[in-house]
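Only one structure is covered here, and it is reproduced in the block below.
Along the sequence shown, residues are numbered consecutively beginning with 1.
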Amino acid sequence: MNIAIIPARGGSKRIPRKNIKDFCGKPMLAYPIQAALQSGVIDKVVVSTDDAEIAEVALEYGAEVPFLRQPQLADDYTGTTEVIRDAISQLQSLGWPLEHCACLYATTPLLDAGLIAELLHRLVATKADFVFTAARFAFPIQRALVLTETGGVAPFDPASISKRSQDLIPTFHDAGQLYWAKASTWLDLKKSVFSTNSQLYELPSHRVQDIDTPDDWRRAEYLYRMLQQEQD
């Protein structure tokens, strides 16, 4: 069985209730649920939440909520991998025969259903531990600047500050959307998402947006509407 697990706790601080806040006509959580169900490679979508209202929204859009997450796994300090491991363990205790598990973040309205299938196929073909979405930094991070204690400016990497951009290796950041691995890999404490045994899938910048502030939210809406117009 291939499943998608969507962590969606109720305690968002910077954008209250953002996981079920209306986004272009639907609760935010509806988007990754529907993308997963439309991908054609996922048997069940599970939402891991500590919140009864989020659970109701999840069920309304076709996901399952076989358990409620424990409060100690729903604070500001619990990592995503820990939540996914807990969900997999809970589902296995219920007798679910899990093979591959995708982690989808709740605030991913730009996630494409076809991409979910494509990354699973890549995971199987390459036998990587993890396959995940990433984006390229728009500016070489090697030429970053930092402020000194006295208010001055210093290069983050003095050896690279004078080099041409094209002479510096490309760098990437986690896109915060989609991660695939075998269930057994998620549970293996020795394996990490970001390692030499993992592969990243580069997304174009217009398909990536963190949503942590009201400005982030507005930009995500603009990008979503633009992508919808391209598809029409």
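Looking at Val46 and Pro66, their side chains come closer than 4.5 Å, going by heavy atoms from C-beta outward. The shortest side-chain heavy-atom distance between Thr80 and Tyr105 falls under the 4.5 Å cut-off. Residues Pro7 and Cys103 are in side-chain contact: their nearest non-hydrogen atoms beyond the backbone lie under 4.5 Å apart. Using a 4.5 Å heavy-atom threshold, the side chains of Thr148 and Val153 count as separate. In this structure the side chain of Phe156 never reaches within 4.5 angstrom of the side chain of Leu145, judged on heavy atoms. The shortest side-chain heavy-atom distance between Gln90 and Asp86 falls under the 4.5 Å cut-off. Inter-residue side-chain proximity for Met226 and Glu230 is flagged as met; some heavy-atom pair is nearer than 4.5 Å. No side-chain heavy atom of Asp157 sits under 4.5 Å from any side-chain heavy atom of Ile161.
Smallest separation of non-hydrogen atoms from Ile33 and Ala63: CD1-CB, 3.8 Å. What you find for Thr108 and Gly176 is that their closest heavy atoms are CG2-O, 3.6 Å. For Arg143 against Ser160, the heavy-atom pair with the smallest separation is CG-O, 3.6 Å. When all heavy atoms of Ile54 and Ala8 are compared, the pair lying nearest together is CD1-O, 3.4 Å. Contact detail for Lys163 and Ala159: the closest heavy-atom pair is CE-O, 3.4 Å. Of all the heavy atoms in Gly151 and Leu147, the pair that sits closest is O-CD2, 4.5 Å.
The main-chain N or O of Gly62 is never found under 3.5 Å from a side-chain atom of Gln34 such that the two would form a donor-acceptor pair. Of the possible donor and acceptor atoms, one in the side chain of Lys18 sits under 3.5 Å from a partner among the backbone N and O of Ile211. Listed for the Ser48 side chain is no donor-acceptor partner under 3.5 Å among the backbone atoms of Leu68. In this structure a side-chain-to-backbone donor-acceptor pair under 3.5 Å is missing from Asp43 to Met1.
Leu189 and Leu187 fall into different hydrophobic clusters, defined by Ile, Leu, Val, Met, Phe, Trp and Tyr side-chain heavy atoms under 4.5 Å apart, directly or through other members. Under a hydrophobic-cluster definition in which Ile, Leu, Val, Met, Phe, Trp and Tyr are linked whenever side-chain heavy atoms come within less than 4.5 Å, directly or via other members, Leu119 and Leu203 are assigned to the same cluster. Note on Tyr222 and Trp217: separate hydrophobic clusters, where clusters join Ile, Leu, Val, Met, Phe, Trp and Tyr whose side-chain heavy atoms are under 4.5 Å apart, directly or indirectly. Residues Leu120 and Leu91 are members of separate hydrophobic clusters, defined by side-chain heavy-atom contacts under 4.5 angstrom among Ile, Leu, Val, Met, Phe, Trp and Tyr. Under the 4.5 Å side-chain heavy-atom criterion for ILVMFWY residues, no single connected hydrophobic cluster contains both Leu73 and Val65.
For the atom pair OH (Tyr61) and NZ (Lys26), the distance works out to 7.0 Å, reported to the nearest 0.5 Å. Note that the CG atom of Leu123 and the CD atom of Glu118 stand 13.0 Å from one another [nearest 0.5 Å]. Interatomic distance, CZ of Phe132 versus CD of Gln199, reported as 9.5 Å (0.5 Å rounding). Between Leu110 atom CG and Asp112 atom CG the span is 10.5 Å, to the nearest 0.5 Å. Once rounded to the nearest 0.5 Å, the distance linking CZ of Phe23 with CG of Leu29 reads 13.5 Å. Rounding to the nearest 0.5 Å gives a distance of 9.5 Å between CG of Asp215 and CD of Gln209.
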Report the C-alpha distance between Tyr31 and Leu111 in whole Å, list the side-chain angles of each, state the deciding distance to 0.1 Å, and finish with yes or no for side chain to side chain contact (heavy atoms under 4.5 Å, CB included).
CA-CA 8 Å; Tyr31 292 91; Leu111 180 62; over 6 Å; no
Let me see the working for Lys191 and Asp129 under salt bridge (charged side-chain N to carboxylate O under 4.0 Å, His left out), right down to the final yes or no.
CA-CA 8 Å; Lys191 294 187 176 181; Asp129 285 344; 3.5 Å; yes
List the steps, then state whether salt bridge (charged side-chain N to carboxylate O under 4.0 Å, His left out) holds for Asp51 with Arg69.
CA-CA 8 Å; Asp51 187 281; Arg69 197 192 314 174; over 6 Å; no
Show the numbers, then the answer: is there a side chain to side chain contact (heavy atoms under 4.5 Å, CB included) between Ile5 and Leu104?
CA-CA 6 Å; Ile5 300 171; Leu104 278 60; over 6 Å; no
Apply the test side chain to side chain donor-acceptor pair (under 3.5 Å) to residues Arg136 and Thr171: give CA-CA distance (whole Å), side-chain angles for both, the deciding distance (0.1 Å), then the verdict.
CA-CA 6 Å; Arg136 189 178 299 227; Thr171 54; over 6 Å; no
Derivation of the side chain to side chain contact (heavy atoms under 4.5 Å, CB included) call for Gln142 and Ile169
CA-CA 9 Å; Gln142 300 93 328; Ile169 62 170; 3.6 Å; yes
Output, in order, the C-alpha distance, side-chain angles, deciding distance and verdict of side chain to side chain contact (heavy atoms under 4.5 Å, CB included) for Leu178 and Tyr201.
CA-CA 10 Å; Leu178 169 64; Tyr201 182 98; over 6 Å; no
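At most 12 non-hydrogen atoms from other residues, nucleotides or ligands lie less than 6.0 angstrom from CD of Glu149.
Counting only N and O atoms by type, the side chains of Arg17 and Ser12 include no donor and acceptor under 3.5 Å apart. Side-chain contact, Tyr179 with Thr133: no donor N or O sits under 3.5 Å from an acceptor N or O. A donor atom on one side chain and an acceptor atom on the other are not found under 3.5 Å apart for Asp188 and Thr185.
Of the candidates Asp210, Asp212, Asp216, Asp76, Arg14 forms a salt bridge (Lys or Arg N to Asp or Glu O under 4.0 Å) with just one, namely Asp212. For the pairing with Pro32, the side chain to side chain contact (heavy atoms under 4.5 Å, CB included) check across Val45, Leu37, Ile6, Asn19 returns one residue only, Ile6.
For residues 66-101, no pair satisfies ring pair (Phe, Tyr, Trp, His ring centres under 6.0 Å), with sequence neighbours left out.
Listed by chain and residue number, Phe137 satisfy the ring-ring contact (aromatic ring centres under 6.0 Å, His included) test with His173 (two or more places apart in sequence, or in another chain). Here Phe130 pairs with Trp186 under the ring-ring contact (aromatic ring centres under 6.0 Å, His included) rule; sequence neighbours left out.
Using a cutoff of 4.0 Å between basic side-chain nitrogens and carboxylate oxygens, Lys182 and Glu99 are not scored as salt-bridged.
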